[in-house]
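The structure appears right after this line, and notes come after that.
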Amino acid sequence: MRWRMVSSGISSFLLLLVPLTKATNSWTIDHFGFFKNGTFKQRYLVADQHWHKSGGPILFYTGNEGDITWFCNNTGFMWDVAEQLGAMLVFAEHRYYGESLPFGAESFRDAERLNFLSSEQALADYAALVGALKKSRPGAEGSPVIAVGGSYGGMLAAWFRMKYPHVVVGALAASAPIWQFPGMVPCGVFYQIVTEVFSKGGAHCSANVRRSWIAVDRLASTDEGLRWLAAEFGLCSPLSRGDGLKSWLQETWGNLAMVNYPYGADFLQPLPAWPVQEACKHLGFGAGVTDQQLLSGVAEAAKLYYNYTGQAECLDISQTATGQLGTRGWFYQACTEMVMPMCTDGVQDMFEPEEWDFQAFSDECFHEFGVRPRPDWAETAYGGRDIKSHSNIVFSNGGMDPWTGGGVTSSLSDSLVAIVIPEGAHHLDLRYNSEYDPQNVLIARAREVKYFRKWIEEASTSPFILISD
Ligand SMILES: *[C@@H]1O[C@H](CO)[C@@H](O)[C@H](O)[C@H]1NC(C)=O
Ligand SMILES: *[C@@H]1O[C@H](CO)[C@@H](O)[C@H](O)[C@H]1NC(C)=O
Ligand SMILES: *[C@@H]1O[C@H](CO)[C@@H](O)[C@H](O)[C@H]1NC(C)=O
C-alpha cells in the first residue's frame with residue numbers, strides 16, 4: 001500500500017531543501033556471539049548543517065520497525081530544534097528493516113536467518129554507530145548524544161539510555177509502550193482507549209461500531225450477504241467468511257485512533273484533520289438502523305482511512321498500514337521477545353470479546369517461524385515497571401493514543417519524567433510544528449527541549465566535577 005503527502009507539505013519541502021547524507025556502516029551480524037562472524041550494512045542518515053562542529057550535540061533517532069527515511073520524514077520535531085541546539089541529526093535504521101537487511105532478500109526466509117533480529121542487537125548496532133561517528137567526524141568526539149524515538153523507536157530510545165548510559169546522555173521516548181508486556185498493564189487498555197477516542201469522535205459512534213460485528217455475522221451467513229459485503233467495501237477479492245473482515249476493521253479502527261492528528265497528515269495513510277471525527281460522521285445511526293445501512297456507514301468510514309486520496313481501486317483486507325512498515329519483521333519480534341498481550345471484552349470496549357490466548361499465539365508463531373515467544377524476557381532484559389534506578393529519560397504520551405495505556409504516564413523521579421499531551425495522538429510531539437497544533441503539544445515540545453539542554457549542560461560539566469574524599 002502506498003501513501004502520499006497530502007498535508008500542507010511543510011515536511012516534504014524542508015527535506016528537499018536540506019542536505020541529508022545517506023551512509024552505511026558495516027556491523028557484525030551477531031554482537032553477542034563469536035561463531036557467526038559475518039557483517040551487514042546498516043543504513044543511516046545524517047543532517048549536520050546546523051551542527052556546532054566543536055562538540056555540538058547529536059540527536060540520534062533510534063530507528064524502529066520500518067524504512068528509516070519514512071521515520072525521518074515523520075520526525076519533524078528533530079528538524080525543528082536542530083538549529084537552536086546546534087545539533088547534528090542522525091537517523092539510524094533498525095536491522096532487518098528498510099535497506100538494512102543482514103541477509104538481503106533472504107533475511108526473512110527462516111529462523112536461522114531471523115535469529116539476529118532483536119532489540120538487543122539493534123541497540124548494540126546503535127551504540128557501535130555512535131562510536132564510529134564520534135571517531136570519524138572531527139569535533140564529534142565530545143558531542144553529547146541524545147536518543148530520540150517514537151513508538152517501538154521510543155522504547156528503544158529509553159532502553160538505549162538504560163543499557164548504554166555512557167553512550168547517550170538522555171532519551172526522549174515518545175509514545176513508548178515499555179509496559180505493554182505480560183503482567184505489567186491489563187491486556188484490554190489498548191482497545192479501551194480506541195473506544196474512548198471513538199466515543200468522543202461523534203454521537204453513537206462507538207455504539208455503532210459495537211453493533212456492527214453481529215451485523216457482519218448475519219450478512220456473512222449467506223453467499224448473497226458475503227457478495228454484498230465485498231461489493232459494499234470495494235474489496236479486492238471475494239469474501240468467504242466474516243472473520244477476516246472483522247479483524248481487519250478492528251485493526252483499522254486502532255490505527256485510525258493512533259493517527260487522530262489535529263491536521264491533515266500522512267503517517268499510516270493520507271488522512272484529513274481529526275480523522276476519527278470524520279469517520280464517525282458515517283456512524284451516527286440511532287436505533288432502528290438496518291444491518292445494511294449500518295455496514296454501508298462502516299464501509300464509508302473504512303474508505304475514509306484507505307481511500308482518502310481517491311486512489312484506491314479496491315480495499316485489501318490483508319493490509320492495514322503503510323508499506324513502509326516491515327510487518328513481517330515486527331511479527332517475528334512479537335513472536336520472540338516483544339510479546340504484547342491484547343484483549344477485548346465488548347463491555348469496556350466496542351469490540352467482540354476476545355481473551356489473550358498465549359498458547360494460541362505461541363502456536364501461530366511456531367507455525368509461522370518455527371520459534372516460540374519468551375513472554376518474560378522483555379521484563380528480565382529491560383526491567384519492567386522497576387526502572388527507578390535509571391535517569392535522564394522523558395516519556396511523552398498522547399493522552400488519546402491507544403499506546404498510552406502501556407506507557408509511563410507519571411514521573412518516576414526528577415529525571416524520569418512523564419509528559420502527557422491530553423488530546424495528543426501517537427507521538428504527535430515528534431511531528432513538525434504546525435499552526436494547528438494544540439497549545440499543549442507546543443508546551444510539551446518546549447519542555448522536551450529544556451531537558452535536552454539540561455542533559456547537554458550536565459554532560460559538558462561533569463568531567464570537571466571534583467570528587468572529594
Ligand atoms: C521522504 O521525503 C523525501 C522528500 O520529500 C521523499 O523524497 C522520500 O520519498 C520520503 N521517503 C519516504 C519513505 O516516504
Ligand atoms: C569467519 O569464520 C570462518 C569460519 O567460521 C573463518 O574461516 C574465518 O577466518 C572467520 N573470519 C574472521 C574474520 O574471523
Ligand atoms: C476510491 O475513491 C475513488 C474516487 O472517489 C472512487 O472512484 C473509488 O471507487 C474508490 N475506491 C473504493 C474501493 O471505494
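Just follow the structure's listing: the first ligand is 1, and inside any ligand the first atom is 1. Fair warning: this is a prediction, and the values are worked out from it, not measured in the lab.
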Ring centroid separation for Y152 and W330, is it under 6.0 angstrom?
yes

Does R445 come within less than 4.0 Å of D80, counting only side-chain N to carboxylate O?
no

So is Q311 in contact with ligand 3, going by heavy-atom distances below 4.0 Å?
no

Compute the ring centroids of F361 and W356, then answer whether they are less than 6.0 Å apart.
yes

With a 6.0 Å cut-off on the ring centroids, do F181 and Y382 count as close?
no

Counting from 1, what ligand 3 atoms have a heavy atom of E313 closer than 4.0 Å?
13 (C)

Flag atom 2 (O) of ligand 3 as yes if some protein heavy-atom distance to it falls below 4.0 Å, otherwise no.
yes

Closest approach of any protein heavy atom to atom 10 (C) of ligand 3, naming residue and atom:
N307 ND2, 2.5 Å

Does A312, backbone or side chain, put an N or O under 3.5 Å from an N or O of ligand 3?
yes

If you count the atoms of ligand 3 from 1 in the order shown, which ones are under 4.0 Å from a heavy atom of K303?
14 (O)

Taking the six-membered ring for Trp, are Y432 and F77 closer than 6.0 Å centroid to centroid?
no

Taking 4.0 angstrom as the limit, do R109 and E106 come out as a salt bridge?
yes

Among all protein non-hydrogen atoms, which one is nearest to atom 5 (O) of ligand 3, and what is the separation to 0.1 Å?
G310 CA, 4.6 Å

